[in-house]
Amino acid sequence: MKLSHLKVGETGTIIAFTDLEMSVKLMEMGCLPGETVEVERFAPFGDPMAIRVAGYQLCLRKSEAEVIIIQ
Amino acid sequence: MDIKIALVGNPNTGKSTLFNRLTGLNQKIGNFPGITVDKKTGFTKLSDGKEVEIIDLPGTYSLYPKSKDESIVFQVLADRENSSYPDVIILIVDASNLKRNMLLFSQVADLGIPMVLALNMTDLSDKQGIYIHVNKLAERLGVQVIPISARNNIGIDKLKQAVANTNKIATQVGAVDVNFLAPEAIKELKEKINSENDYYTLQVLHQHEHLTFFSEQDQSEIEQIEQKHHFESAKVQAAETIARYKHLSTILADVVIDKGTAQKFSFSDRLDAILTHKVWGFAIFLLILFVIFNAIFAWSSYPMEWIEGTFGWITTMGHQYLPSGMLSDLILDGVVAGLGGIFVFIPQIAILFAFISILEDTGYMSRVTFMMDKIMSKVGLNGKSVVPMIGGLACAVPSIMAARNIENWKDRMITIMVTPLISCSARLPVYILLISIIIPSKTIFGIISLQGLALMVMYLVSFVAAIIVAWVMKIIIKTKEKSYFIMELPIYRMPRWKNVLFTMYEKSKTFVFEAGKVIIAISIILWVLASFGPGNRFENIDQKYASALADTSKNTDHIKTLVATEKLENSYVGILGHFIEPAIRPLGYDWKIGIGLITSFAAREAFVGTMATIYSVDGGDADSATIRQRMEASVNSKNGLPVYTFATGISLMLFYAFAMQCMSTVAIVYRETKGWKWPAIQLGYMTAMAYVAALIAYQLLK
């Protein structure tokens, strides 16, 4: 399942990425395989989204969340 | 200078606050080559009397840059010959989010430059129930670890002491042995560039394109090494990042003790639920924008009037008491007027930046980006472009400076390029004058004023134009930079009022000293063009009116006005007005309007004053009723038809809506983009757009 498919309040564990280059940037920001993420909210127009990861709040576009495979 | 220090850290860690704490007002702003962020350096003294120079490097999450601005960090740290190459690095981390912050530490540590770790926001992490074993951490990392709170001025002296104590040789324990990532390539390159450091060599493999100190020969050889050993940059970066986090997990294992994670975000979360709400979020944002707009539009008018009055008084006094002559005129009408034209912007700049620094400081600005990203990114703008564009309604100059807060280079450039299209307050007097001439003062449906409607349309036109141009530029401007929107949403905090004052001071100072030079130069040129004419034309005019002026029994005010009118017509500006007449005739303008277009370059509202002089209005630009009458009555010298028809009026308003007639904007774009390329493009496209729009409007309506 992709992170972008989660609803507000749902959590998942990162298992892999589908885009290598994007994965580097996401991992630098703490989105590592094995980390738990929780969807906090979506922006008023439905995109981007805010997630809680590694103890802080991160926002990213849905297109970027799409590369994150979660469980 | 005895020691050079570089400040390195993630964004939102309080790096700038620490920088201000360490250096106070003792800062200077310079340039990094090739990018638009300022190079901030400051100076301080250590307790042992050593003088230190501190450089504030752009905030970054990793040594691998996401933007041009971030690439500066490795460029400075990689090059021993670089004038900013530090003896000591202060790496600042947010103690309440240590693990992610330490990724950058572990990368920088492996470059082998002596360093000190500043654990910032310890007050906050204490409150959140995070305890950090400082000594254990220091022992494991092999560097001094100093807990500080830059915001509350805690631990700054200890940090300075730690810098003084730092060894000349790096003491940090190697974090990750990166050799396994690309052993052959690293080995070969190490020999070539004569380096002992595996990690430095690996970074060179990744980033050599950004490093200007390698010759072309070097670059192609490095490229060959990469190809020979099938070096895949992204793959290696991913593996390195994972290895570093693994290492950090073991280091931080019993160093960070977290007791209260569950509680710590509740306040921020509740605020976010309102501030980014579908309805309330936008309502509050609109309200904030309205307050900002009102502040720079209305509140700033008092100090601005005061500044204008003071400079006007200096000019009058000067003319009265200085010996009359060219030098006095140059100083008073050229330089003093130019200085007045610079200082008059300070209230708007200071007020806008007070708001922006509060919005940034509290963490609200990130939410604005979050909320607006979807709509703004469609036309090539950034969520943060909203503030400069609304500010543009008052004045483009502070607004273009505000575009500095946009991290993405392309988004920032597009914002800078379109902000001057937004109808600023200097256009208002021009619109009001022209609308009063060409639009009848009637109401439709009993309540809607036609003139008011026309004014509103002009504002709408400006927004639509800005959006269309932004969209076109999104397609045209090419960038190698990939656009990411992976951004931290920092927790809400109280603004630091001292920081707010500091930002107001710093931005005003930057404007006066950096953009001021260009403004003074242009205003002197304009003065020369308006005050001199070829041959002895001016002397002839003086002689013609000498007897009338000498007659003290009559009021000579009108004679003086007539002299001013004739002089303006015969000055170089007047001649230029005649010269461009063939070009502007298809737009419906005569040479008198041509003069107005040229003098407007000082500031758009100068159009009204110029019309007053040209039509010999004794009261100057204050007497708008007479100006209007004279303009309405004026006829074309060639065909005897009225000049200010509906078609000419619309054409002229569209010209003012789109043309870049503002030397201060040109100056600030030059300063913000660090070159003449972007202001030239802007001047070019806006003039072309103004000309075409005015041409079409006049030809269709005449």
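Letters A, B, ... mirror the listed sequences (proteins, then strands); counts begin at 1.
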Check each atom of [X] against the heavy atoms of chain A and say whether the ones under 4.5 Å are side chain, backbone, both or neither.
X: Ser366(B); value: neither
X: Ile486(B); value: both
X: Arg367(B); value: side chain
X: Lys99(B); value: side chain

Do any N or O atoms from the side chain of Lys474(B) and from the backbone of Lys378(B) form a donor-acceptor pair under 3.5 angstrom? yes
My understanding is that only one of Ile15(A), Thr36(A), Thr11(A), Leu6(A) makes a side chain to side chain contact (heavy atoms under 4.5 Å, CB included) with Ile70(A); could you say which? Leu6(A)
For Tyr64(B) and Gln107(B), which I'm curious about, is there any donor-acceptor pair between the side chains at under 3.5 Å? no
Under 4.5 Å from a heavy atom of chain B, the part of [X] involved:
X: Phe17(A); answer: neither
X: Leu58(A); answer: both
X: Glu64(A); answer: side chain
X: Ala50(A); answer: both

Minimal heavy-atom distance between Gly30(A) and Glu35(A), with the atoms involved, is O-CG, 3.6 Å
In terms of heavy-atom pairs under 4.5 Å with chain A, the winner among Thr276(B), Ile375(B), Asp272(B) is Asp272(B)
Output yes when Arg52(A) and Glu40(A) qualify as a salt bridge under the 4.0 Å nitrogen-oxygen rule, no when they do not. yes
Under 4.0 Å between a Lys/Arg side-chain N and an Asp/Glu carboxylate O for Glu488(B) and Arg100(B)? yes
Any side-chain heavy-atom pair from Leu60(A) and Leu26(A) closer than 4.5 angstrom? yes
